[in-house]
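What follows is a set of notes on a single structure, which appears directly below.
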Amino acid sequence: MDVDGEGPAEEQLLPNDDPYLQAKDQNECTPLHIAILQGHVECAQLLVQAQASVSVDCDGCPPLHMATCTGALPGREDAALQLAKLLLEAGADSIQRDDCGRLALHWSAELGLAEVCQLLLQATTEAAAALTAQVAAASAADAAAGEEPPLDPPNLLEMQAHAAALSVTDKHGFTPADLAHRRGHTALAARLRAAAAAAAEAAAAGDTAANRAAAAAAAADGADDTVKQLPTLIVAPHECELHRTCPDPLPRGCHPPPENVDRIRVLSQEGSGILRSRGLQQRLEWELSVPPAPIADVLRVHDWNYVRGLQLACQAIPDRPDAIAHLDPDTAVSHHTFHVALRAASAVCVAIDRVIRGQAANAFCVVRPPGHHAGPRGIVPSKKDRTGSHGFCLLNNVAIGAAYAMNVHRHAGIQRVAILDFDVHHGNGTRACVSNTVPGTLRVPFTTPLSEGMHVYHTYAPWFDVDDDDNVLFASVQGYGPKAASMPDVFVYPGSGATCDTQDLKLAQEKAQQAQEKAEEKAAAAAAAAAAAGGANGTGPAAAGPGGQQVKQEEDAVGDAATSHMVAEDPNHEFPSSTADDPILAGPRVIEVGIPGPGFHPLLWRRAWRDKVLPALVNFNPDLILVSAGFDAHRKDEINFRYIGVTEADYEWITDEIVQVANRCCNGRVVSVLEGGYNINGGLVSAFARSVAAHVRGLAEPHSQAWDPQEPHIEREIERRRQQERAAKVAAKRAAALERQKRAAAAAAATPAQGDSAAAAGKDVGSAEQGKAAAAAAAAAVEGEEASVAVPVEGRSKRRRAAAVDYAALNAQLEAEAAAAQKAADA
């Protein structure tokens, strides 16, 4: 190999016909993607020279966008600039959009990369200039041939392309300047807005020089002007990497399970994790080492038999990277798993300590294994899944943290604790732990060779005291339903999570009992009065009615006065409670909203939080809010079976709403804990990484705004007006369609009469043929009008199919009419 000759060496290292250049690994990454994500400019250059594609995306993210996003990491700004320049020179499209509808310019503006912004704008201008030159050459050729020149000057394409790049919006309606402003890069945002205005003005005036000057105006760096506040604490114990769920290294041809160590590496690894990005670092504080949780903290929530069994199972596994065992088909463990689970639970307790002591505004715990499927005794079966599984979870981290806060920080005023869960899978373990805070019984059937029977165990694991049922709230919004329409009895794990509010069910039960008692009292009073009066004229029962009516009115008035300060929950009655899961009514209040599927319903998911859960949370008035933060409801996560389908913007929205409630109720005290989320394709630019970054950004955003119940009310009014407008449009279309159908029917009915009169006057068969054409045209008109009627279904329009036309019968009818007309003419 010729070392000195650069060209031959590169060709020998990477031949142009190498089939592995475009091959993708288990994370959907090609070799070029990996070089970009690691910031290896030289490797990327070699791959590009060997004809590696610069347009193949990684799970919806093109290489140019990926290169721009790597500039978010500390010390990667120059590499991002060089990679972007390399890709553009290799033919990357500067106006290609990713799956968020963004250009690379959007990402560079959001990250405050002014030099990359300038490079992308110049590339857009140069690409448009090349197109302009081609158009000019074609125009000159047309002029030489004597053809008319184009109406617009050729360089207008260049100006319009540049102005469009600055003003194009993503799927959420944000321009590059908007994103720069939202992330605090105020100077860069001002430059981009000025450049957009100048480019638009130049395009209108046809001034190429002004257009290029506008591009240069975007080169100024954007200052990061932010409001100072306490940092958001990130607790990310290094020990969580020791929980192995697959052999290390992974054998060739094998794929890791969904829950694996790379989930936390894409978030917190030094130098490459998305939470290490420059835009977040100024607002975050890190805690990388925590002690194991004391066993007393764990036993407030879990039974000792379960904890001891888990400990022994892990100790029996050899301490080797390739030694893996399974508790069930879903859940793998290794030698260090039990100690890692103790540190994950401890991370939540450490975060609670720091937040309650005022050392952090709020906190996010990057931990594994997750915990919200772990009940007091581990697996929690359901009616749809009688055996159940651990679901990757071993110890319930949020429940342990809640019990810890109520005990250790009770003198700091922590009495009422709320747990929220937005994982796509129901937090059945958390619900079981919450229900276990009041006395109950566990019935376990048994069979022996000589007998069978039932073991009855009395259970009770209070988190603090006998009034836990008044001081704990659990609320969850998750997917609930079959995995597919073809499998109606096979539900999405864990098979529970039907819409239910135990408070509503308790009230309904109490009202039914009171109504039954009142009915019995009235019946007894009526019978006594009838017996006393001898049943004359029925005076007894008649007199009892108005009195009962007055008593009911007085009771309703007392109830209205008692709840007048409460925020209305579910005002549109969109989420009625069901008893499909046989909910336990004794114990703390549990609110669950099951979003139906398969099929994405992100707006319904938002309404469930806005109209049902958040008002209930405000009414509960917690002293601390814990969040089970699962990110597998994302529309690109394959483990959700197409349920819910939210995006990063939805995660940022719900986080901001929770922070606003915390600002109103508990001085902003929020501790969030990582649960699910498994699409790590693309690493830094994966759906999981971007969703977690949006969540942490919502926590770290400095503001003190309190949740206002008027805002949901205004949103509901706007939605109601829009629904009325859509309904009015549909009604108008239907009325117009019916009117056109009547006219078409009248025209079709008039056609035979015209044919008869024409035959009587001695016309030939041509009149019948005209009648046939008119009838066919009328039928086609009716069919077309029916097909144009739109019927709204969940906010969208669908075409209504027209009634099927029997063309054979219609043709026979027309031929019969034509024959009759011919016979009349012959007569």
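Just so you know, residue 1 is the first one in the sequence shown, and it goes up from there.
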For this session: Would you sort out whether Trp707 and Val567 count as a side chain to side chain contact (heavy atoms under 4.5 Å, CB included), showing the intermediate values?
Result: CA-CA 11 Å; Trp707 189 82; Val567 179; 4.0 Å; yes

Problem set entry | Test item: Gln478 side-chain N/O and Gly497 main-chain N/O as donor-acceptor pair under 3.5 Å | yes

For this session: Show your reasoning for whether salt bridge (Lys or Arg N to Asp or Glu O under 4.0 Å) applies to Arg610 and Glu657.
Result: CA-CA 8 Å; Arg610 184 195 67 188; Glu657 293 292 309; over 6 Å; no

For this session: Please name the pair of heavy atoms, one in Leu699 and one in Ala363, separated by the smallest distance, quoted to 0.1 Å.
Result: CD1-O, 4.0 Å

Problem set entry | From CA spacing to verdict: side chain to side chain contact (heavy atoms under 4.5 Å, CB included), Glu648, His634 | CA-CA 8 Å; Glu648 297 91 310; His634 195 284; 3.0 Å; yes

Exercise. Would you say Gln281 and Trp286 make side-chain contact, with heavy atoms under 4.5 Å?
Worked result: yes

For this session: Output, in order, the C-alpha distance, side-chain angles, deciding distance and verdict of side-chain hydrogen bond (donor to acceptor under 3.5 Å, both in side chains) for Gln705 and Asn663.
Result: CA-CA 7 Å; Gln705 179 180 348; Asn663 289 339; over 6 Å; no

For this session: Would you mind reporting whether Pro712 and Arg716 have side-chain heavy atoms less than 4.5 Å apart?
Result: yes

Problem set entry | Side chain proximity check, His425 to Val492, heavy atoms < 4.5 angstrom | yes

For this session: Salt-bridge test for Arg368 and Glu241: reply yes if a basic N is under 4.0 Å from a carboxylate O, no otherwise.
Result: no

For this session: Say whether His106 and Asp170, considering side chains only, have a donor N or O and an acceptor N or O under 3.5 Å apart.
Result: no

Exercise. Do Arg589 and Asp501 sit within salt-bridge range, that is, some charged N less than 4.0 Å from a carboxylate O?
Worked result: yes

Problem set entry | Donor-acceptor pair, side chain of Arg278 and main chain of Gly71, under 3.5 angstrom | yes

For this session: Identify which one of Val670, Val627, Leu230 satisfies the side-chain contact (heavy atoms from CB on, under 4.5 Å) criterion when paired with Asn362.
Result: Val670

Exercise. In terms of side-chain geometry, is the basic nitrogen of Arg183 or Glu652 positioned less than 4.0 Å from the acidic oxygen of its partner?
Worked result: yes

Exercise. Just by distance, do the side chain of Asp570 and the backbone of Lys612 share a donor-acceptor pair under 3.5 Å?
Worked result: no

Exercise. Side chain of Asn679, backbone of Phe688: donor and acceptor closer than 3.5 Å?
Worked result: no

Exercise. Is Arg182 salt-bridged to Glu110, going by a charged N under 4.0 Å from an acidic O?
Worked result: no

Seminar exercise, completed: Tightest non-hydrogen contact, residues Cys349 and Ile400, listed as SG-CG2, 4.4 Å

Problem set entry | Closest contact, heavy atoms only, Pro74 versus Arg276 | CD-O, 2.9 Å

For this session: Could you check if a side-chain atom of Asp468 sits within less than 4.5 angstrom of a side-chain atom of Trp463, using non-hydrogen atoms only?
Result: yes

Exercise. Can you tell me how far CZ of Arg669 sits from CD1 of Ile356, rounded to the nearest 0.5 angstrom?
Worked result: 6.5 Å

For this session: Report yes or no: do Ser672 and His695 form a side-chain donor-acceptor pair below 3.5 Å?
Result: yes

Problem set entry | Test log, rule side chain to side chain contact (heavy atoms under 4.5 Å, CB included), inputs Ser272 and Arg265 | CA-CA 8 Å; Ser272 62; Arg265 287 174 178 167; over 6 Å; no

For this session: Walk me through it: do Asp98 and His65 pass the test side-chain hydrogen bond (donor to acceptor under 3.5 Å, both in side chains)?
Result: CA-CA 8 Å; Asp98 64 5; His65 297 63; 4.5 Å; no

Exercise. Would you find a donor on one side and an acceptor on the other, under 3.5 Å apart, between the side chain of Asn27 and the backbone of Gly682?
Worked result: no

Seminar exercise, completed: In this structure, CG of Leu37 is separated from SG of Cys58 (nearest 0.5 Å) by 7.0 Å

For this session: Locate the shortest heavy-atom distance separating Val290 from Pro237; write the atom from each residue and the value.
Result: CG2-CG, 3.7 Å

Exercise. Between Asp637 (side chain) and Tyr678 (backbone), is there a donor-acceptor pair under 3.5 Å?
Worked result: yes

Problem set entry | Test item: Ile36 and Met66 side chains (from C-beta on) under 4.5 Å apart, heavy atoms | yes

Problem set entry | Closest non-hydrogen atom pair between Asp423 and Gly676, with its separation | OD2-N, 3.0 Å

Problem set entry | Under 3.5 Å donor-acceptor, His243 side chain and Cys240 backbone | no

For this session: Kindly compute the distance separating SG (Cys665) from CD (Gln660), expressed to the nearest 0.5 Å.
Result: 11.5 Å

Exercise. Hey, are Arg606 and Asp611 close enough for a salt bridge, meaning a charged N less than 4.0 Å from a carboxylate O?
Worked result: no

Problem set entry | Ring geometry between Trp605 and Trp609 (parallel below 30°, tilted from 30 to 60°, perpendicular above 60°) | perpendicular

Exercise. Should we count CD of Glu715 as having more than 12 external heavy atoms under 6.0 Å?
Worked result: yes

For this session: Please confirm whether Phe631 and Tyr651 have ring centers closer than 6.0 angstrom.
Result: yes

Exercise. Do the side chains of Asp353 and Arg357 get nearer than 4.5 Å, heavy atoms only?
Worked result: yes

Exercise. Is any NZ, NE, NH1 or NH2 atom of the basic residue among Glu701 and Arg697 found under 4.0 Å from an Asp or Glu carboxylate oxygen of the other?
Worked result: no

Problem set entry | Expected output: side-chain His302 to main-chain Asn396 donor-acceptor under 3.5 Å | yes

For this session: Tell me, with the steps shown, if Leu105 and Cys117 meet side chain to side chain contact (heavy atoms under 4.5 Å, CB included).
Result: CA-CA 6 Å; Leu105 181 62; Cys117 286; 4.0 Å; yes

Exercise. Do the non-hydrogen side-chain atoms of Glu592 and Arg431 ever get within less than 4.5 Å of each other?
Worked result: yes

For this session: Answer yes or no: is there a donor N or O on one side and an acceptor on the other, between the side chain of Lys636 and the main chain of Asp59, under 3.5 Å?
Result: yes

Exercise. Taking the six-membered ring for Trp, are His426 and Tyr493 ring centroids under 6.0 Å apart?
Worked result: no

Exercise. Can you tell me if Ser686 uses its side chain to pair, donor with acceptor, with the backbone of Gly683 under 3.5 Å?
Worked result: yes

Exercise. Which heavy atom of Thr331 sits nearest a heavy atom of His390, and at what distance?
Worked result: OG1-CB, 3.2 Å

For this session: Take Arg410 and Asp623 through the salt bridge (Lys or Arg N to Asp or Glu O under 4.0 Å) test and state the conclusion after the steps.
Result: CA-CA 10 Å; Arg410 62 182 182 272; Asp623 301 312; over 6 Å; no

Exercise. Are Arg416 and Phe620 in a cation-pi setup, meaning NZ or CZ lies under 6.0 angstrom from the ring centre and within 45 degrees of the ring axis?
Worked result: yes

For this session: Would you mind reporting whether Glu675 and Val398 have side-chain heavy atoms less than 4.5 Å apart?
Result: yes

For this session: To the nearest 0.5 angstrom, please state how far the CZ atom of Phe364 sits from the OG1 atom of Thr655.
Result: 9.5 Å

